[in-house]
Each structure stands twice: as C-alpha cells, then as structure tokens.
Amino acid sequence: MRLSLSKLLQSERPKTWAKTVRIAVSGAAGSISNHLLFKLASGEVFGQDQPIALQLLGSERSRSALEGVAMELEDSLYPLLREVTIGIDPYEIFQNADWALLIGAKPRGPGMERADLLDINGQIFAEQGKALNAVASPNVKVIVVGNPCNTNALICLKNAPRIPSKNFHALTRLDENRAKCQLALKAGVFYDNVSNVTIWGNHSTTQVPDFLNAKIHGLPVNEVIADHKWLEEEFTSRVQKRGGALIQKWGRSSAASTAVSIVDAIKSLIIRTPEGDWFSSGVYAKGNLYGISEDLVFSLPCRSKGDGDYEIVGDLVIDDYLRKRIKKTEEELLAEKKCVAHLIGEGNGFCDLPEDTMLPGEQ
Ligand SMILES: NC(=O)c1ccc[n+]([C@@H]2O[C@H](COP(=O)([O-])OP(=O)(O)OC[C@H]3O[C@@H](n4cnc5c(N)ncnc54)[C@H](O)[C@@H]3O)[C@@H](O)[C@H]2O)c1
C-alpha cells in the first residue's frame, strides 16, 4: 500500500505540544560536554516528552570540532532533539535560551597563578553575562561550570542585571556527590541512603563538606559512623582532593562524573526536593541566615519546588568546627572578588589571595 503525502506529513507532526526548551551550552566541544550533550538529547534530563534545542557555543579554536559534535548528535537520531545550532558568538548562540550551561573556560596552564586564571576566565564570563542579558530568556537559569566557577558566576550575574541574580548557579554538585560517595563507602551502605549533604563555600580545596548535618538512613552521620577522627580529618580532605587524585590516576580531569553532576543539578531544580532533604549549589548568598557575606556566590543548602526556582535552607546546625572552615572559604571568595573588581563594576581589581589554593581538579 502506498502512503499518501498527507499521511506522511501527518506523521511528521510533533508528538507533543510542549514548548521546546532551549539549552545553550558553552565549551560544547570539550570533554564534559562530550558526555553531557548526549544525556540532554536523549531525554534523560528534561523528560521523554520534552523537545529540546541545543545551542552550542565554542571558541575560535574549537570551531571545527564543534561541527564534529553536531554531526555526532545528528547521527544519533534523537527524536526529542529538534534543533542544533553551533557558533562562536554568544550573542547569537544565547538567543532565547531557557538554560545556559557555561562550561567553556581556559584551563590553568603550568605555572599560571590563580590570579591570572581569575582574570582570563573572568573576562569570558563578563562577556557571556552581557550576552545573556541581551538575548537570553529573561528567566534563563544559568549553571556555571568553568573554573573558578563561583567567582565566574558572580561576574556573570553582575554583568546581567536584567536576569534575577537568583538564577545563577556555580556547580558544586560534583563535590556533593563525591562527599556522598565517601560517606556511603565508609558506612557500607548504598549511595541513595545518604542524604542532606551540604558543600559550603567555594569550589576549591577550601570547600567544606558538611558531615554534621548529613544523614545516613535518616540518622545523623556521626551516629552511624563511629570513627569521628576519620570524619573530621580524612573525609574532608578526601572530598577536597578527589579531583586531583583522579587526575593522578587517569591523567585528565573528571568529565563523565562532572556531566552526571550537571544533570543532577538541573534535575534538582525541575523536580521537587524530597521532603526534609536538600541539595548543594553555589548560589547568590543574599538573604542567607548564616551570616555569610551576601554579595558572593557561595555553595549553600537549597531546596526546590521543582519549578526551576529554589530557596536557601536556613536551619542547619553550625558548630565551631564548621564555622571556622566556612569562614576560611568565605575569605577566599572575598579575596577572589577583589581580584575581579574591574569585571563587576567595583573599581580596580587588586589580587591578594590568602594562599594559592587549588581547584579540586588540579594537582
Ligand atoms: N565545577 C566543577 O565541578 C567542575 C568540574 C570539572 C571541570 N570543571 C571546569 O570545567 C571547565 C571545562 O572542563 P572540560 O574538561 O570540559 O575542558 P576542555 O578543555 O575539554 O573543554 C573546554 C572547551 O571550552 C572551549 N572554550 C574555551 N574558551 C571558550 C569560550 N570563551 N567560549 C566557549 N568555549 C570556550 C575550549 O575550546 C574547549 O573546547 C574547566 O574550567 C574545568 O576546570 C568544573
């Protein structure tokens, strides 16, 4: 039997009336994106009835690789992937974006000071903030992954006054996942029995993984793990240095687990947080109840109703152990902010970092 043209055209009608979600991804030809894009296109993140458009931003150097990425996406025949756009101009690629996953950044080269990295990458995020401000959806949700991600997110939001500051996140979910993994392994339980894990502060080796408020099987961690010395000494340092340990083993930084954690971070905002639990995200600290400087992007416990928005959870217990460490990571972020003053409209940048701390991915 021959199919008539009208029947053929009918079969090409979209199977859903859901509005296409536009996702801009920078650094789209890089290692993390190589895992992430295929998860996004498969429907694993936004659901099996949600069409998506991928708007891929690369750098001049990665222009040809970006074409290769688009070819691989085409060849994968994802039915929900309705559109792929590639380019190197953020003003073009961020058009009407509902989500912006800002992964692209320069890696810290040998001998490069953290101050230099802050400036070089800061300029990228100032420009991308301006572009988001000009052309993205006014309610775009932005997740900054490129390092140093907290300060890059602060620069980005300061350059995008049209977009609510609340909409900007720095990815600390990989750190949360790493902390959960360590607790689960130590307690001998499956990962999903570990909850209420917070990462406080900066995505650097000053980050504070919080075992005081964390739970295993709904019980405080220090009731389940009797080895308190391990919690206070080894656990924290293991989580802080996990990225570096991975590089030593494998010769490159984590890409697959980072992509997984970006998926987790998005899902945390579009799916209601389970009752009593929370997730960590680097968010604009305005209105936090912990006395942390408000004009920073600081990793805090958050919960969401699943509508893309979130609130900062305000009733965690902070003991002296945590307070001291939270202060240190806060001081580091304040110093980073001074370095990039020229990129956030606060005069001349002046860099006097307390010490040259490493990013979790560095050795
Ligand atoms: N927050 C976290 O938890 C976390 C975890 C892992 C890695 N990271 C950071 O993520 C970033 C990317 O990591 P990766 O492994 O994918 O690196 P990668 O070097 O494999 O890829 C980065 C890509 O970004 C591109 N790029 C550079 N400048 C750009 C710009 N201005 N606009 C668009 N694209 C640009 C590069 O050409 C490259 O293709 C790094 O800064 C890394 O430190 C963060």
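In listed order, ligands and their atoms are each counted from 1. Atoms considered below: every heavy atom in the structure, side chains included; atoms not considered: hydrogens, waters and symmetry mates.
The closest approach between any non-hydrogen atom of Cys149 and ligand 1 is below 4.0 Å. Heavy-atom distances between Ala255 and ligand 1 stay at or above 4.0 Å for every pair. In this structure, Glu127 falls outside the shell of residues with a heavy atom less than 4.0 angstrom from ligand 1. For Lys106, the closest heavy-atom approach to ligand 1 does not fall below 4.0 Å.
Judged by distance alone, with hydrogens and angles left aside, the side-chain atoms of Thr172 form no donor-acceptor pair with the main-chain N or O of Asn202 at under 3.5 Å.
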List the atom pairs, with distances to 0.1 Å, where a side-chain N or O of residues 24-38 and a protein N or O form a donor-acceptor pair under 3.5 Å, not counting sequence neighbours.
{"residue": "Ser26", "atom": "OG", "partner": "Ile103", "partner atom": "N", "Å": "3.0"}
{"residue": "Ser26", "atom": "OG", "partner": "Gly104", "partner atom": "N", "Å": "3.0"}
{"residue": "Ser33", "atom": "OG", "partner": "Gly27", "partner atom": "O", "Å": "2.9"}

Side-chain donor-acceptor pairs of residues 51-68 under 3.5 Å, sequence neighbours excluded:
{"residue": "Gln55", "atom": "OE1", "partner": "Arg22", "partner atom": "NH1", "Å": "2.6"}
{"residue": "Gln55", "atom": "NE2", "partner": "Ile93", "partner atom": "O", "Å": "2.7"}
{"residue": "Gln55", "atom": "NE2", "partner": "Gln95", "partner atom": "O", "Å": "3.1"}
{"residue": "Ser59", "atom": "OG", "partner": "Ser62", "partner atom": "OG", "Å": "3.2"}
{"residue": "Ser62", "atom": "OG", "partner": "Ser59", "partner atom": "N", "Å": "2.9"}
{"residue": "Ser62", "atom": "OG", "partner": "Ser59", "partner atom": "O", "Å": "3.1"}

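Lys166 forms a cation-pi arrangement with Tyr310, by the criterion of a distance under 6.0 Å to the ring centre and an angle within 45° of the ring axis. The side-chain tip of Arg323 does not point at the ring of Tyr321 from less than 6.0 angstrom away and within 45° of straight on.
No hydrogens or angles considered: a donor-acceptor pair under 3.5 Å links the side chains of Asp295 and Tyr284.
Between Ser26, Ser59, Ala29, it is Ser59 that holds the heavy atom closest to atom 37 (O) of ligand 1.
Note: an N/O pair closer than 3.5 Å links Ser31 and ligand 1 by distance alone. Looking at Leu171 next to ligand 1, an N or O pair under 3.5 Å apart turns up.
The shortest distance between side-chain heavy atoms of Leu118 and Asn121 does not fall below 4.5 Å.
Interface atoms of ligand 1 facing Gly146, defined by a heavy-atom separation under 4.0 Å, are 10 (O), 11 (C), 41 (O). Heavy-atom contacts of His203 reach the following atoms of ligand 1: 1 (N), 2 (C), 3 (O), 4 (C) (cutoff under 4.0 Å). Close contacts of ligand 1 with Ser62, meaning ligand atoms under 4.0 Å from a residue heavy atom, involve 37 (O), 39 (O). Near Thr258, meaning under 4.0 Å from one of its heavy atoms, ligand 1 places the atoms 5 (C), 6 (C). Residue Ile103 has at least one heavy-atom neighbour below 4.0 Å for each of these atoms of ligand 1: 10 (O), 11 (C), 12 (C). For ligand 1, the atoms closer than 4.0 angstrom to any heavy atom of Gly27 are 23 (C), 24 (O), 25 (C), 33 (C), 34 (N).
A perpendicular orientation is assigned to the rings of Trp99 and Phe46, their planes being inclined by more than 60° (bins at 30° and 60°).
Looking at Ile32 against ligand 1, both its backbone and its side chain come within 4.0 Å, counting heavy atoms.
Residue Thr329 forms a side chain to side chain donor-acceptor pair (under 3.5 Å) with just one option from Asn150, Thr205, Thr206, and that option is Thr206.
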